[in-house]
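Read through the structure below, which is laid out as structure tokens, and then see the notes.
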Protein chains: 2
Amino acid sequence: MTIQESARTSEERPQRADARRNHELLLVAARELFEEGADPSMEAIAKRAGVGIGTLYRHFPKRIDVVEAVYRDDVEQVATVAERAVLELDPWEAVDVFMHAFVSYALGKRRFLNELREAFEKNPELKSASRERLDGAVRLVVETAQRAGVVRTDLTSEEIYGLVGSMCMSASLTAEQCERLIDLILDGLRVR
Amino acid sequence: MTIQESARTSEERPQRADARRNHELLLVAARELFEEGADPSMEAIAKRAGVGIGTLYRHFPKRIDVVEAVYRDDVEQVATVAERAVLELDPWEAVDVFMHAFVSYALGKRRFLNELREAFEKNPELKSASRERLDGAVRLVVETAQRAGVVRTDLTSEEIYGLVGSMCMSASLTAEQCERLIDLILDGLRVR
DNA sequence: TAGTATACGGAGGCTCCCTCCACTTAGCAA
DNA sequence: TTGCTAAGTGGAGGGAGCCTCCGTATACTA
């Protein structure tokens with residue numbers, strides 16, 4: 001990169017308002033469609049967002065970039081739930097709310113597991129970064145509750161993450177079963 | 001099914017010679033292409049086999065049927081190696097030859113793991129049947145060697161299968177590393 | 001308000017998967 | 001050997017999806 005280029009990079013104009021709006025619309029549309037079913041086409045995503053196909057490709061040059069963006073956004077949302085819950089709720093409620101949010105996030109991922117795996121393959125950083133972010137979120141919520149004495153301390157947050165995560169990914173459990181099992185797990189975690 | 005239909009089914013004419021030949025050619029071509037790289041198109045498979053696209057579709061109505069057929073064939077070949085090795089070689093040599101064949105089979109699968117997963121999803125019987133067939137092959141070779149006193153008996157064949165299988169599927173190990181590690185494993189298994 | 005960099009949108013190219021059907025041939029019976 | 005026919009072949013083309021290109025529109029700046 002030349003000096004001029006690097007200078008231009010740092011004093012770049014901000015994105016135009018319509019571009020920012022469309023980026024957001026596309027992300028929302030894509031997430032909806034991924035959650036609804038299998039493999040929405042790029043055309044379908046653009047249409048749902050109410051923009052042209054060219055605009056979609058301007059924002060996400062390849063299909064896999066859409067998958068990646070939706071996933072990053074989802075991870076961010078779950079992590080944010082953790083942070084807000086710890087601040088705004090009492091420690092046990094925070095565990096309860098976060099775990100349910102986590103399960104619903106993870107169950108949503110089942111829909112496009114194959115595409116996600118491809119994204120991980122293409123870009124290993126995506127996998128490790130998300131893993132870390134989620135791990136941190138679980139740790140924050142669980143350890144806060146442990147310090148408050150409302151969650152048993154003979155389990156680490158990694159173990160709990162592992163248990164809940166693998167339950168959600170299990171092909172033999174339905175979403176409904178997972179929703180019920182998370183209550184069982186929460187019950188087992190709680191100190192009364 | 002009517003009586004006539006079931007009667008016809010059992011006394012059906014055998015496949016014509018050209019059909020049998022083309023089926024075999026297609027299977028060979030498909031395996032070659034899958035091993036060579038990623039995602040050969042149906043056109044490419046037909047071309048490599050030297051037949052028209054229509055012929056390919058007569059033998060394998062969907063792309064996934066090609067994947068499935070190649071996989072079944074591969075599993076069969078590895079299992080056959082086990083059976084022949086036990087009959088024709090001394091017990092330790094049989095373990096050695098079979099394990100190397102198994103690793104090379106498993107490494108080949110990395111190429112089209114995604115397609116394979118789809119095939120498993122669509123047809124769970126494929127997965128369980130192959131798993132059983134391979135499990136039996138490992139057991140045959142290992143237990144024969146254990147009875148002959150050349151392989152340690154404090155490990156079960158399932159454990160060995162698990163170890164070698166997961167090594168081959170590990171994304172962080174190259175094929176070359178797996179080839180070297182299998183020798184290390186074999187060394188550890190051997191009773192001298 | 002005019003000028004311009006930025007962004008939009010969709011026609012169309014390319015590559016796939018798969019279908020359809022006119023043509024060919026292996027195998028059988030006379 | 002010959003003729004018949006069910007079985008098999010091959011490839012043009014339909015349809016869908018990913019992505020590119022570029023003429024048009026518009027948000028920002030001065």
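Every chain is numbered from 1 and lettered A, B, ... according to where its sequence line falls, protein lines coming before strand lines. These values consider heavy atoms only, across backbone and side chains, with no hydrogens, waters or symmetry-generated copies. Predicted, not measured: the structure shown is a model, and the values here were computed from it.
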Between A/E118 (CD) and D/dC18 (C1'), how many Å, whole number? 13 Å

So which one's nearest nucleotide on DNA chain D is more toward 5', B/E43 or B/H23? B/H23

Select one nucleotide: of D/dC19, D/dT9, D/dC28, the one nearest the side-chain heavy atoms of A/R63. D/dC19

To the nearest angstrom, how far is B/L56 atom CG from D/dG8 atom C1'? 14 Å

Taking atom C1' of C/dG10 as reference, at what distance in whole Å does atom CE of A/M42 sit? 15 Å

Is A/N22 near enough to C/dA7 that one of its side-chain N or O atoms lies under 4.0 angstrom from OP1 or OP2? no

Ignoring the backbone of A/K62, work out which of C/dC17, D/dG8, D/dC19 is nearest its side chain. D/dC19

Kindly determine whether B/F102 and B/Y161 satisfy ring-ring contact (aromatic ring centres under 6.0 Å, His included), including the steps that lead there. CA-CA 10 Å; B/F102 182 86; B/Y161 182 14; 5.7 Å; yes

If you go through the side-chain atoms of A/Q15, does one of them form a donor-acceptor pair with the base of D/dC28 closer than 3.5 Å? no

By nearest atom, which of the nucleotides D/dG17, D/dG10, C/dC16 is closest to the B/V51 side chain? D/dG10

On DNA chain C, nearest-nucleotide positions of B/D39 versus B/R16: which is more 5'? B/D39

A/R63/A/E115 ion pair, N-O < 4.0 Å: yes

Between C/dG27, D/dC18, D/dT9, which one does the side chain of B/D18 approach most closely? D/dT9

Would you say B/D183 and B/H100 are linked by a side-chain donor-acceptor pair, where the criterion is simply a distance under 3.5 Å? yes

Provide, to the nearest angstrom, the distance between the CZ atom belonging to A/R21 and the C1' atom belonging to D/dA25. 13 Å

Closest listed nucleotide, where the reference is the side chain of B/T55 and the choices are D/dT20, D/dT9, C/dC18: D/dT9

Does C/dA7 have its OP1 or OP2 closer than 4.0 Å to a side-chain nitrogen or oxygen of A/H59? no

What is the separation between atom NZ on A/K47 and atom C1' on C/dC8, rounded to the nearest whole Å? 18 Å

For atom CZ of B/R58 and atom C1' of D/dG11, their distance in whole Å: 15 Å

The side chain of B/A17 lies closest to which of these nucleotides: C/dC8, D/dA27, C/dA26? C/dA26

Between C/dC16 (C1') and B/I64 (CD1): distance, integer Å: 16 Å

Provide the full list of salt bridge (Lys or Arg N to Asp or Glu O under 4.0 Å) pairs with a residue in residues 96-109 of chain B, sequence neighbours left out, each pair given once. B/D74-B/K109

Using a 4.5 Å cut-off on heavy atoms from C-beta on, say whether the side chain of B/V191 contacts that of B/V151. no

Value in whole Å for how far the P atom of C/dG9 lies from CZ of A/F60: 14 Å

